[in-house]
Visitor: 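Before we start, here is the structure in question, set down as structure tokens.
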Amino acid sequence: MAGLTTRVQPVPEPGPHQVVVRVRAASLNRRDLMLLAGAYPLPLRPGVVPLVDGVGEVIATGAAVTRAALGDRVSGTYFVRWVDGRQTQALSAEQYGANFDGWLADYIVLEEDSVVHVPAYLTDEEAASLTAAGLVAWSGVTKPVPVAPGETVLTVGTGTVALFAVQHAKMLGARVISITSSADKAERLRKIGADEVIDRKEIPDWEHAVLDLTGGDGVEHVVDAVGLPTLPKSLASAGYNAQVTLIGAFPAPDGHQLPDPLGFGYRALRRPAVGSRADYEAMNQALAEHQVRPVIDRVFPFDQAVDAFRHFEEGDPFGKVVITIS
């Protein structure tokens with residue numbers, strides 16, 4: 001995989017407000033491929049350690065640290081310093097695995113404000129899967145207006161964000177309709193909680209099927225984890241005053257013209273930027289309460305990290321692709 005090299009890493013020394021974590025596992029997101037390809041909005045710092053998803057054990061703390069102790073099992077936030085409240089451009093410009101060293105290493109240095117304790121019931125592989133896909137899906141079903149019990153949520157796609165969206169929506173008591181591209185994936189979606197699944201290859205005009213399933217009213221929430229190629233159908237599936245969340249990173253096909261995204265239905269269209277530390281902690285609390293487990297596609301050892309990247313890019317995984325470190 002172009003852009004990946006290995007080097008010896010000494011054990012880091014923490015600054016006053018930093019913690020050193022011995023990494024146990026890390027996982028991949030589409031964002032990581034985009035960074036390597038130069039297609040991500042934030043440029044990749046030369047020589048940076050990749051991956052924003054990971055988990056490990058705290059082995060050293062700075063003199064002023066109060067949020068973590070030796071032996072704690074922790075993850076880190078996506079954005080280095082976004083704790084809570086409104087995100088700013090300055091906060092979004094600092095990211096692990098982009099311009100701060102990420103998790104594909106024996107050790108990572110986290111700023112104290114980035115530390116997030118992970119649910120104890122999760123395995124390392126599962127706990128290493130939450131920072132990006134898990135949290136942005138959580139934002140998709142809780143911000144700005146959370147999904148209410150009995151409402152219907154449409155999820156589009158079968159990438160990790162869409163899978164988390166299904167699980168999160170079910171935690172919140174919603175009915176879930178999912179769009180996929182094969183009978184095999186449809187069955188897997190049902191197993192993790194989807195109430196109805198529509199195969200877009202069998203029903204290309206799936207927005208009409210969604211409307212039929214909702215008595216013509218449309219859904220209250222859409223989490224579109226594909227992007228511009230499916231956005232018009234997602235909007236057509238949404239009911240009056242629905243909330244449409246666009247998370248996908250796929251470009252529009254050649255010649256595709258994006259329609260008026262809001263139309264005449266007073267729908268809210270948004271693209272959440274993952275989430276804050278407070279959002280992450282709220283998600284973890286909900287996960288622990290419901291004992292929900294992230295979907296894992298395949299686990300690779302560290303010495304097969306290049307194979308993990310290749311599988312993630314080319315293997316059509318269903319769930320997270322994880323790399324174990326130690």
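Owing to the predicted nature of the structure, the values given are computational and were not obtained by experimental measurement.
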Visitor: Apply side chain to side chain contact (heavy atoms under 4.5 Å, CB included) to residues V176 and K170 and explain how you reach the verdict.
Guide: CA-CA 7 Å; V176 176; K170 293 304 294 182; 3.6 Å; yes
Visitor: Is Q243 reaching over with its side chain to a backbone N or O of K143, donor-acceptor style, under 3.5 angstrom?
Guide: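 Side chain of Q243 to backbone of K143, a donor-acceptor pair under 3.5 Å: yes, one is there.
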Visitor: Would you find more than 12 non-hydrogen atoms of other residues, nucleotides or ligands less than 6.0 Å from R22 atom CZ?
Guide: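 Not buried by this count: 12 neighbours or fewer within 6.0 Å.
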Visitor: Could you tell me whether the side chain of D297 and the main chain of F318 form a donor-acceptor pair under 3.5 Å?
Guide: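 Checked: pair present.
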Visitor: Mind checking whether V222 and I198 sit in one hydrophobic cluster, side chains of I, L, V, M, F, W, Y counted as touching below 4.5 Å?
Guide: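 Yes, because V222 and I198 connect within a single hydrophobic cluster, where side-chain heavy atoms sit under 4.5 Å apart.
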Visitor: For the side chain to side chain contact (heavy atoms under 4.5 Å, CB included) test, which of V197, T155, L154 pairs with I177?
Guide: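 When side chain to side chain contact (heavy atoms under 4.5 Å, CB included) is applied between I177 and each of V197, T155, L154, only L154 qualifies.
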Visitor: With the 4.5 Å side-chain cut-off for hydrophobic clustering, are V58 and V109 part of the same group?
Guide: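 In one cluster with V58: V109, no.
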Visitor: Check the surroundings of atom CD in Q285: do more than 12 heavy atoms from other residues, nucleotides or ligands lie under 6.0 Å from it?
Guide: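 No, not enclosed.
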Visitor: In terms of side-chain geometry, is the basic nitrogen of K185 or D199 positioned less than 4.0 Å from the acidic oxygen of its partner?
Guide: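 No, no charged N to carboxylate O under 4.0 Å.
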Visitor: Begin with the C-alpha distance, continue with both residues' side-chain angles, and end with the deciding distance and a verdict on side chain to side chain contact (heavy atoms under 4.5 Å, CB included) for D53 and N29.
Guide: CA-CA 8 Å; D53 273 22; N29 296 281; 3.4 Å; yes
Visitor: When you look at I179 and T230, which way does the side chain to side chain contact (heavy atoms under 4.5 Å, CB included) test go after all the steps?
Guide: CA-CA 10 Å; I179 308 300; T230 52; over 6 Å; no
Visitor: Heavy atoms, side chains only, cut-off 4.5 Å: are Y96 and T77 in contact?
Guide: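 Yes, side chains in contact.
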Visitor: Between S75 and Y280, is there a side-chain donor-acceptor contact under 3.5 Å, judged purely by atom types and distance?
Guide: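 Indeed, the side chains of Y280 and S75 share at least one donor-acceptor pair under 3.5 Å.
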Visitor: Taking E125's backbone N and O only, do any of them form a donor-acceptor pair with S27's side chain (distance below 3.5 Å, no angle check)?
Guide: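 Side chain of S27 to backbone of E125, a donor-acceptor pair under 3.5 Å: no, none is there.
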Visitor: Angle class for the F300/H311 ring planes (parallel below 30°, perpendicular above 60°, tilted otherwise)?
Guide: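 The rings of F300 and H311 sit tilted, inter-plane angle from 30° to 60°.
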Visitor: Backbone N or O of G134 within a donor-acceptor pair of the H168 side chain at under 3.5 Å?
Guide: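 Yes; at least one donor-acceptor contact below 3.5 Å.
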Visitor: Just checking E13: does its CD atom have more than 12 heavy atoms from other residues, nucleotides or ligands closer to it than 6.0 angstrom?
Guide: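 Atom CD in E13 is not crowded, with 12 or fewer foreign heavy atoms closer than 6.0 Å.
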Visitor: Between I325 and R24, is the side chain to side chain contact (heavy atoms under 4.5 Å, CB included) condition met? List the steps.
Guide: CA-CA 5 Å; I325 312 296; R24 294 180 179 176; 5.9 Å; no
Visitor: Given 3.5 Å as the limit, does a donor-acceptor pair link the side chain of R67 with the main chain of V115, or not?
Guide: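 Here the side-chain-to-backbone pair exists.
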Visitor: Can you tell me if D279 uses its side chain to pair, donor with acceptor, with the backbone of L135 under 3.5 Å?
Guide: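 No: the side chain of D279 does not pair with the backbone of L135.
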Visitor: For E220 and T152, indicate whether the former's side chain and the latter's backbone hold a donor-acceptor pair under 3.5 Å.
Guide: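 Yes, because the side chain of E220 sits within donor-acceptor range (under 3.5 Å) of the backbone of T152.
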Visitor: Would the distance check show the side chain of R7 and the main-chain N or O of G47 forming a donor-acceptor pair, the cut-off being under 3.5 Å?
Guide: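 Yes; judged by distance alone, with no hydrogens or angles, the pair exists.
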Visitor: Considering all heavy atoms of both residues, which atom of Y121 and which atom of A288 are nearest to each other, and what is their separation?
Guide: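 Heavy atoms of Y121 and A288 come nearest at CE2-CA, 3.5 Å.
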Visitor: Regarding D224 and K233, does a basic nitrogen lie under 4.0 Å from an acidic carboxylate oxygen?
Guide: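 No, D224 and K233 are not salt-bridged.
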Visitor: Under a 4.0 Å threshold between the charged nitrogen and the carboxylate oxygen, would K320 count as salt-bridged to E126?
Guide: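 No, E126 and K320 are not salt-bridged.
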Visitor: Which residue, V52, L36, L42, forms the side chain to side chain contact (heavy atoms under 4.5 Å, CB included) with R31?
Guide: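 One option only clears the test, and that one is V52.
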Visitor: Does the side chain of E151 reach to within under 4.5 Å of the side chain of L172, using non-hydrogen atoms?
Guide: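 No, every pair of side-chain atoms sits at 4.5 Å or beyond.
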Visitor: Does any N or O in the side chain of Q9 come within less than 3.5 Å of the main-chain N or O of Y107, such that one atom is a donor and the other an acceptor?
Guide: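 Answer holds: yes.
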Visitor: Do I108 and V49 share a hydrophobic cluster, counting only Ile, Leu, Val, Met, Phe, Trp and Tyr and linking them when any side-chain heavy atoms are less than 4.5 Å apart?
Guide: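 They do share one cluster, since a chain of ILVMFWY contacts under 4.5 Å joins I108 to V49.
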Visitor: Sub-3.5 Å donor-acceptor pair from the side chain of R277 to the main-chain atoms of D113, do we have one?
Guide: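 Yes, because the side chain of R277 sits within donor-acceptor range (under 3.5 Å) of the backbone of D113.
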Visitor: For the residue pair P294 and S129, what are the closest heavy atoms and their distance?
Guide: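 That closest heavy-atom pairing would be CB-CB, 4.2 Å.
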Visitor: Looking only at side chains, do E112 and T66 share a donor and an acceptor under 3.5 Å apart?
Guide: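 Yes, because at least one side-chain N or O of E112 sits under 3.5 Å from a partner of the opposite role on T66.
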